[in-house]
Amino acid sequence: MTDTIKTQFPLLQQKQNGKPLVYLDSGATTQRPQAVLDAVKHFYEQDNANPHRGAYELGERATAAYEGARAQVASFLNAQKEEVIFTRNATESLNLLAYSWGLHNLKAGDKVVVSILEHHSNLIPWQQVCHAVGAELIFLYTGQDGVIPDEEIEKKITKGVKLVACTHVSNVLGLVSPVEKIAARAHEVGAVMVLDCAQSAPHLKLDVQKLNVDFLAFSGHKLYAPLGIGVLWGRRELLEAMPPFLTGGDMIDSVREQDATWAPLPQKFEAGTQNAGGAVGLAAAIRWIQSIGYETIEKRENDVYRYLWDELAKMPHITLYGTPEGQHCGAVAFNVEGVHPHDVSTILDADAVCVRAGHHCAQPLLTHLGLRACCRASIAVYNTREDVDALANSLQKVRKWLGYGT
Amino acid sequence: MTDTIKTQFPLLQQKQNGKPLVYLDSGATTQRPQAVLDAVKHFYEQDNANPHRGAYELGERATAAYEGARAQVASFLNAQKEEVIFTRNATESLNLLAYSWGLHNLKAGDKVVVSILEHHSNLIPWQQVCHAVGAELIFLYTGQDGVIPDEEIEKKITKGVKLVACTHVSNVLGLVSPVEKIAARAHEVGAVMVLDCAQSAPHLKLDVQKLNVDFLAFSGHKLYAPLGIGVLWGRRELLEAMPPFLTGGDMIDSVREQDATWAPLPQKFEAGTQNAGGAVGLAAAIRWIQSIGYETIEKRENDVYRYLWDELAKMPHITLYGTPEGQHCGAVAFNVEGVHPHDVSTILDADAVCVRAGHHCAQPLLTHLGLRACCRASIAVYNTREDVDALANSLQKVRKWLGYGT
Amino acid sequence: MELEQIYTQIITENSRSKEHKYAVKDATQVVEGVNPSCGDEISLQLRVKDGMIEDAAFLGDGCAISQASANIMIDLIKGKSVKEAEHLSNLFLGMIKGEVTDDGQLDELEDAQAFKDISHMPARVKCAVLGWHTLQDAVTKAEKATS
Amino acid sequence: MELEQIYTQIITENSRSKEHKYAVKDATQVVEGVNPSCGDEISLQLRVKDGMIEDAAFLGDGCAISQASANIMIDLIKGKSVKEAEHLSNLFLGMIKGEVTDDGQLDELEDAQAFKDISHMPARVKCAVLGWHTLQDAVTKAEKATS
Ligand SMILES: Cc1ncc(COP(=O)(O)O)c(C=O)c1O
Ligand SMILES: Cc1ncc(COP(=O)(O)O)c(C=O)c1O
């Protein structure tokens with residue numbers, strides 16, 4: 001109970017109905033450790049000014065804090081600083097790509113490939129671009145187990161495909177996608193490869209030199225950082241060739257009445273006053289993660305993940321989705337027989353157990369699996385086997401509440 | 001010195017080179033009162049979850065905090081909740097308009113009118129749209145005093161003008177624009193009226209029922225709120241008729257493989273996980289402002305503004321831009337004879353006085369006034385006459401540092 | 001009332017009842033409702049004659065709360081006038097919003113009063129009102145059809 | 001060195017000097033540099049013959065730091081070889097970045113050493129390096145022209 005990691009999270013110390021809070025919705029957003037809250041507080045109490053705008057000392061501290069955060073993210077990803085664009089969240093990062101890369105590189109008849117596992121944020125922007133330019137949107141389907149078969153990759157990613165966008169980890173099934181194969185195949189046919197790392201960044205070490213992708217997006221708030229800060233990483237040549245997305249202050253080189261020229265990377269893509277406090281929080285979150293180390297994180301999370309899967313698998317009247325095979329992280333999806341997922345979530349909540357119910361912003365996947373909604377328990381590094389026990393205990397009650405015998 | 005307002009701002013308590021910090025760059029970004037920092041802290045320590053996603057109690061508290069913030073903004077603006085869209089900043093609000101309203105309502109030959117006073121964020125997005133659709137971008141020019149003459153409004157806003165975008169208060173000259181006249185004329189010719197309130201919101205009470213505009217944008221960070229949160233307000237019918245801008249999670253009604261339908265307002269324009277912490281901070285900032293009251297704010301600020309203007313006007317070798325006539329708030333622009341504004345800013349900084357030097361993201365205005373750069377001192381409610389004295393004292397030294405006799 | 005009790009009362013009496021789950025013969029109004037937060041759908045079917053609801057039923061799956069609420073609603077409105085159904089739906093939605101709190105007034109809602117405490121669970125409010133909102137649409141259509 | 005001293009030293013000696021402010025006759029390289037943070041521009045002009053900088057000067061307005069830095073730079077490079085100018089510019093930029101700190105090495109920079117402490121004022125670094133960056137462009141062009 002006095003887990004040294006969990007104790008660093010103020011929010012997780014609270015009780016609800018007299019019971020310790022069991023937060024199993026980190027796939028939606030994580031909680032923040034004290035170190036992150038303190039870093040943001042320090043910024044606002046000591047260093048706050050508009051980055052890049054003030055030539056006075058306070059302004060320089062603000063700029064240093066903001067650009068220092070970028071350097072931190074760059075080293076975290078093993079990337080160059082200029083390739084790191086700060087956005088609001090993964091959704092904005094992906095929209096930036098769709099508008100700026102997509103609208104300017106795709107044309108009628110081109111093909112875009114996404115997987116059926118995608119979160120709406122890595123799907124609708126591509127639907128929109130395809131509609132706008134007349135390109136075709138093609139899906140990599142999974143089996144009922146949630147796994148994309150090799151043949152599917154071979155068959156769908158072919159000549160004429162200009163862009164492949166795929167999630168690194170499914171936010172519903174927790175399965176790690178075969179990124180290596182997909183990226184290799186995408187590059188073989190000359191397509192650009194976009195990786196949605198919203199669900200992988202908190203769990204797996206990301207190295208853009210090794211991942212062999214061209215763009216990558218994630219959200220700070222799923223990575224122990226504050227809300228309102230996200231990242232788009234892209235290969236320099238590609239980013240340089242792209243037109244800006246948002247325009248306005250700070251992203252310009254010079255402005256005349258009828259036209260303007262753009263600042264070099266990364267400013268070109270950062271219009272207006274940026275969320276420096278959020279960036280500082282993200283840098284602190286990364287330092288916090290690095291102080292634990294991904295090796296420890298993976299070991300700890302794997303243990304809890306396996307325990308979670310096995311405990312639920314043992315229970316009667318519970319259906320698990322996906323497969324226990326292969327590499328997983330974060331999420332486990334399930335349903336309780338005869339009980340609507342929203343009722344499950346409400347009933348668990350009475351025991352202070354937080355899980356999410358619904359389509360998890362992945363409606364096409366749920367439709368593909370023959371579902372309308374399901375429950376999802378998702379974990380982060382602060383979760384423990386005790387949290388899983390609390391979930392399992394509470395799950396025992398669900399059917400009884402609804403008048404079933406067992 | 002123990003001003004009861006200033007003492008509420010932790011950052012303003014610091015010293016630099018042994019001197020109390022004199023922050024005169026609130027036009028770039030304001031500092032945050034303790035009440036705002038506390039509200040954000042409370043959110044992250046007690047209520048943080050992904051708004052709109054969790055059906056459990058914690059998630060409901062997060063949703064309530066986020067939607068409560070929207071209600072707070074709505075009542076602040078005297079608007080309906082559904083008309084308040086949260087964005088990152090004013091820049092994003094204006095880009096949203098340019099992309100969503102602009103690209104879908106403007107066509108070749110149409111005219112868009114802006115003023116020469118515009119901040120780049122209310123200019124470049126319109127340049128871009130005009131280029132994209134082949135519309136014409138027309139400027140309302142000011143005299144050398146920074147005032148837009150009535151004839152200019154009559155002459156430029158004519159049939160064929162579809163949109164007029166204007167700043168409420170100039171971020172360089174501090175002058176309040178003749179919004180009433182411009183908006184009336186815009187509506188007379190059937191144009192939509194966009195008001196950039198980035199520089200007015202901190203100083204003037206905004207009431208969308210009275211302002212007679214169709215859209216309005218501002219940034220939280222210039223209004224004592226955290227970075228990373230901004231607002232777009234728009235008339236419901238207009239917002240409803242607009243297509244979404246960013247797409248992805250949370251802004252949908254339902255999603256299929258090849259298409260999607262959109263959620264009603266305001267969700268339609270809020271894709272992905274929103275900055276709920278920022279929204280909570282903005283709500284707290286608004287409550288803080290309301291606890292003081294705009295009447296007091298205007299009185300206090302007017303006194304300091306006038307004192308600032310008069311003190312600088314008295315000094316030899318100082319040129320003030322704009323005019324002391326008419327309604328002002330926030331900014332005073334000036335130059336020191338024979339000294340580059342960047343040197344002025346560096347020299348003042350040695351006395352812990354923060355002013356901004358440069359083109360202030362208003363290059364066309366500076367060009368129009370025959371300037372390349374200038375200094376700007378800008379005030380917020382926490383500034384005092386003592387701050388002005390510190391600026392004036394420090395300004396005395398500037399020319400001496402550079403070897404001038406006086 | 002405790003959450004567990006609400007659930008127990010609701011389901012034992014209503015949520016799995018099939019009594020009102022059928023397609024109404026010669027229905028005069030068939031109206032679809034959807035709960036955007038979970039995608040649950042309901043199809044409300046009425047046969048209205050001379051301003052009276054001769055028959056009413058619903059189709060569709062959903063959570064216990066939405067199903068039970070719809071079931072109780074049908075119980076209440078079947079055989080009543082369209083005007084009366086409109087009144088009851090206003091009363092129900094008023095209760096949920098916390099605008100109508102007078103127990104005397106709420107008595108008219110009979111079993112539907114069990115949902116009073118749902119206002120403490122904002123995320124589930126949409127489930128409780130799904131059927132009733134759909135009823136309001138249906139009533140509007142019925143009134144238009146006769147005017 | 002204190003900020004005030006830097007300023008005093010810089011301006012008394014350099015920033016308002018007009019000595020090197022003219023258009024070079026028969027210039028072989030004319031290169032424009034711009035400081036994006038303030039829009040200040042400089043036009044650096046060289047006349048290079050057989051690898052030697054016969055004449056060098058600059059035009060343009062700017063802050064005291066950029067003007068003084070450019071003035072000192074011209075002092076240093078006039079009459080030197082292109083190779084030598086390249087070496088000095090690397091040394092200067094290395095000093096500003098804090099990569100070269102050895103005083104013995106920096107002695108070569110003569111008066112330009114005054115800018116060493118500018119690295120504590122990141123916002124002004126761009127002013128101090130404007131002339132030198134422009135010189136690097138010019139040198140590259142000069143080398144291309146002869147190769
Ligand atoms: C008049 C005006 N409009 C728009 C903006 C843009 O605001 P932001 O940078 O917060 O997006 C500013 C401030 O920089 C401004 O002063
Ligand atoms: C796989 C995946 N992609 C994208 C997103 C979008 O992230 P955000 O809502 O932070 O923009 C999410 C999370 O919601 C996700 O799980």
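Remember, predicted model here, so these are calculated numbers, not experimental data. In the text below, chain A, chain B and the rest are named by the order of the sequence lines, each starting its count at 1.
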Counting only non-hydrogen atoms closer than 4.5 Å, does [X] touch chain A with its backbone (N, CA, C, O), its side chain (CB onward), both, or neither?
X      : value
B:L365 : neither
B:L21  : side chain
B:D259 : both
B:R32  : side chain
B:E45  : both
B:S254 : both
B:L137 : both
B:H131 : side chain
B:H360 : neither
B:Q258 : both
B:Y44  : both
B:F245 : both
B:Q128 : side chain
B:L123 : side chain

Taking the side chain as C-beta and beyond, is there a heavy-atom pair between [X] and [Y] under 4.5 Å?
X      : Y      : result
A:E257 : B:I116 : yes
A:L227 : B:Q274 : no
B:V255 : A:Q127 : yes
B:Q14  : A:L58  : yes
A:L246 : B:R88  : yes

With a 4.5 angstrom heavy-atom cut-off, could you sort out which part of [X] is near chain B: side chain, backbone, both or neither?
X      : value
A:S219 : neither
A:V355 : backbone
A:H368 : neither
A:Q31  : both
A:K41  : neither
A:L37  : side chain

### Query
Does the B:T29 side chain pair with the main chain of A:N50, one donor and one acceptor, at a distance under 3.5 Å?
no
### Task
Using the test salt bridge (Lys or Arg N to Asp or Glu O under 4.0 Å), find all partners of B:D250 that sit at least two apart in sequence or belong to another chain.
B:R53
### Message
side chain to side chain contact (heavy atoms under 4.5 Å, CB included), that's the test. Do A:W262 and B:I124 meet it? Break it down for me.
### Response
CA-CA 11 Å; A:W262 317 129; B:I124 316 183; 3.7 Å; yes
